[in-house]
Amino acid sequence: MPLTLYDTPKGISLRLLTPQDTEAYLALIQITRLPYQAVEPIRDDEFYTLHAQTRRIQDRMQAAEEGTGYQFGIFTIDDGILIGQVSLNNVVQGVANYADMGYFIHPDYQGGGRMTAAVKLAVSYAFRALKLNRVQAAILLSNTGSKRVLEKNGFQAEGIARKYLKINGEYQDHQIYAVLAEDLGESLQ
């Protein structure tokens, strides 16, 4: 049985995406393509095809099996609608012991704390199940909504990464945020 994480008060659950989710995931990224254009890399039209997203989900499933990345879909509990994604990427065990986090949510589901709850569930999974020491995220300096989500989850601003990622066709500065297991009282034992 696949692992599912719940936040009942916010009405969401997280679980790893599977090929059965491909059509719903494709619809989600097509819907969010325009609203998130300013905060996303430019992607060619091939990215927005069923074939490309099937391959992408299969690659992410392989990463989960290898312990290097986890792509969780955010679903509504009531009706099982896929409304977003939160991922733990570039998972490194051992000396570094961290992951990079990324996330997005359907614009119609923004507000109400659903994204904050999804990030909290993923961070808890990172610290409790994966025994990571650190989860970090990079956000555009202008992305105040994402800043609030991270800060509500105990992330702290650490510095500016200059020209860090190519977003909407240009390399842009990003604020690096991180939370440590010890910040949230998690034990790595």
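All heavy atoms count here, side chains included; hydrogens, waters and symmetry mates do not.
- Taking CD1 from I74 and CG from L121, the interatomic distance works out to 9.0 Å, rounded to the nearest 0.5 Å.
- Looking only at side-chain heavy atoms (C-beta outward), M101 and V123 come within less than 4.5 Å of each other.
- Sorted by first and then second residue, the salt bridge (Lys or Arg N to Asp or Glu O under 4.0 Å) pairs with a member in residues 57-68 form an empty list; sequence neighbours excluded.
- Annotation: the span from L26 atom CG to T54 atom OG1 amounts to 8.0 Å, rounded to 0.5 Å.
- Within the 4.5 Å cutoff, the side chain of Q37 has no heavy atoms near those of the I42 side chain.
- A 4.5 Å side-chain heavy-atom check between M115 and Q110 finds every atom pair outside the cut-off.
- Side-chain atoms of S87 and N89 include a donor-acceptor pair closer than 3.5 Å.
- Not counting sequence neighbours, the partners of R43 by the side chain to side chain contact (heavy atoms under 4.5 Å, CB included) test are E40, P41, F47, Y48.
- Remark: of the listed residues L184, V179, L180, L150, V179 is the sole one forming a side-chain contact (heavy atoms from CB on, under 4.5 Å) with V135.
- Contacts of E170 classified as side-chain hydrogen bond (donor to acceptor under 3.5 Å, both in side chains), with partners at least two apart in sequence or in another chain: none.
- One side chain, Y103 or S146, offers a donor N or O that lies under 3.5 Å from an acceptor on the other.
- With N153 contributing its side chain and V119 its backbone, the two residues share no donor-acceptor pair below 3.5 Å.
- Shown here are the salt bridge (charged side-chain N to carboxylate O under 4.0 Å, His left out) partners of E158, two or more places apart in sequence or in another chain: R134.
- By the side chain to side chain contact (heavy atoms under 4.5 Å, CB included) test, A64 is found to be paired with L16, Y70, residues two or more places apart in sequence or in another chain being considered.
- Hydrophobic clustering keeps I105 apart from I77 (ILVMFWY residues linked when any side-chain heavy atoms are closer than 4.5 Å, directly or through intermediates).
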N168 vs V39, side chain to side chain contact (heavy atoms under 4.5 Å, CB included): CA-CA, chis, key distance, verdict: CA-CA 7 Å; N168 199 22; V39 297; over 6 Å; no

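- The two atoms that bring M61 and P19 nearest to each other are SD-CD, 3.1 Å, heavy atoms only.
- Legend: residues meeting side-chain hydrogen bond (donor to acceptor under 3.5 Å, both in side chains) with Q175, ordered by chain and number and at least two apart, are absent.
- Considering CD1 of I139 and CG of L165, their distance stands at 12.0 Å, rounded to 0.5 Å.
- Checking side-chain atoms of D7 against main-chain N and O of A118 turns up no donor-acceptor pair under 3.5 Å.
- To the nearest 0.5 Å, atom CG of residue D21 and atom CD of residue Q53 are 12.0 Å apart.
- Enclosure of atom CD in E23 is not indicated, since only 12 or fewer non-hydrogen atoms of other residues, nucleotides or ligands lie within 6.0 angstrom.
- With a 4.5 Å cut-off on side-chain heavy atoms, L88 and L132 do not count as touching.
- Considering only residues two or more places apart in sequence or on other chains, D45 meets the side-chain hydrogen bond (donor to acceptor under 3.5 Å, both in side chains) condition with R33.
- With sequence neighbours excluded, no residue forms a ring pair (Phe, Tyr, Trp, His ring centres under 6.0 Å) with Y177.
- G154 and D183 get closest at one heavy-atom pair: O-OD2, 4.5 Å.
- Under the 4.5 Å side-chain contact rule for hydrophobic residues, L50 and I31 do not share a cluster.
- For T32, the side chain to side chain contact (heavy atoms under 4.5 Å, CB included) partners two or more places apart in sequence, or in a different chain, are L28, I29, Y36, F104, P107.
- Taking R56 as the reference, Y25 meet the side-chain hydrogen bond (donor to acceptor under 3.5 Å, both in side chains) condition, with sequence neighbours excluded.
- What you find for L140 and I167 is that their closest heavy atoms are CD1-CG2, 4.0 Å.
- Side-chain heavy atoms closer than 4.5 Å link hydrophobic residues (I, L, V, M, F, W, Y) into clusters, and following such links, even through other members, never connects I160 to I176.
- Separation of atoms CG (L82) and OG1 (T22) is listed at 10.5 Å; rounding is to 0.5 Å.
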Apply the test side chain to side chain contact (heavy atoms under 4.5 Å, CB included) to residues E46 and H51: give CA-CA distance (whole Å), side-chain angles for both, the deciding distance (0.1 Å), then the verdict. CA-CA 8 Å; E46 169 62 22; H51 174 73; 3.9 Å; yes

Show your working on side chain to side chain contact (heavy atoms under 4.5 Å, CB included) between T76 and I83 and close with a plain yes or no. CA-CA 7 Å; T76 58; I83 62 169; 3.8 Å; yes

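- For residues 130-164, the pairs satisfying ring-ring contact (aromatic ring centres under 6.0 Å, His included) are Y164-H174, with sequence neighbours left out.
- If you take OG1 on T116 and CD1 on I12, they are separated by 9.5 Å, rounding to the nearest 0.5 Å.
- Pairs of residues two or more places apart, or lying in two chains, that qualify as ring-ring contact (aromatic ring centres under 6.0 Å, His included) and include a residue from residues 72-97 are F72-Y125.
- Contact of the L3 side chain with the R15 side chain is not registered, since no non-hydrogen atoms from C-beta on lie closer than 4.5 Å.
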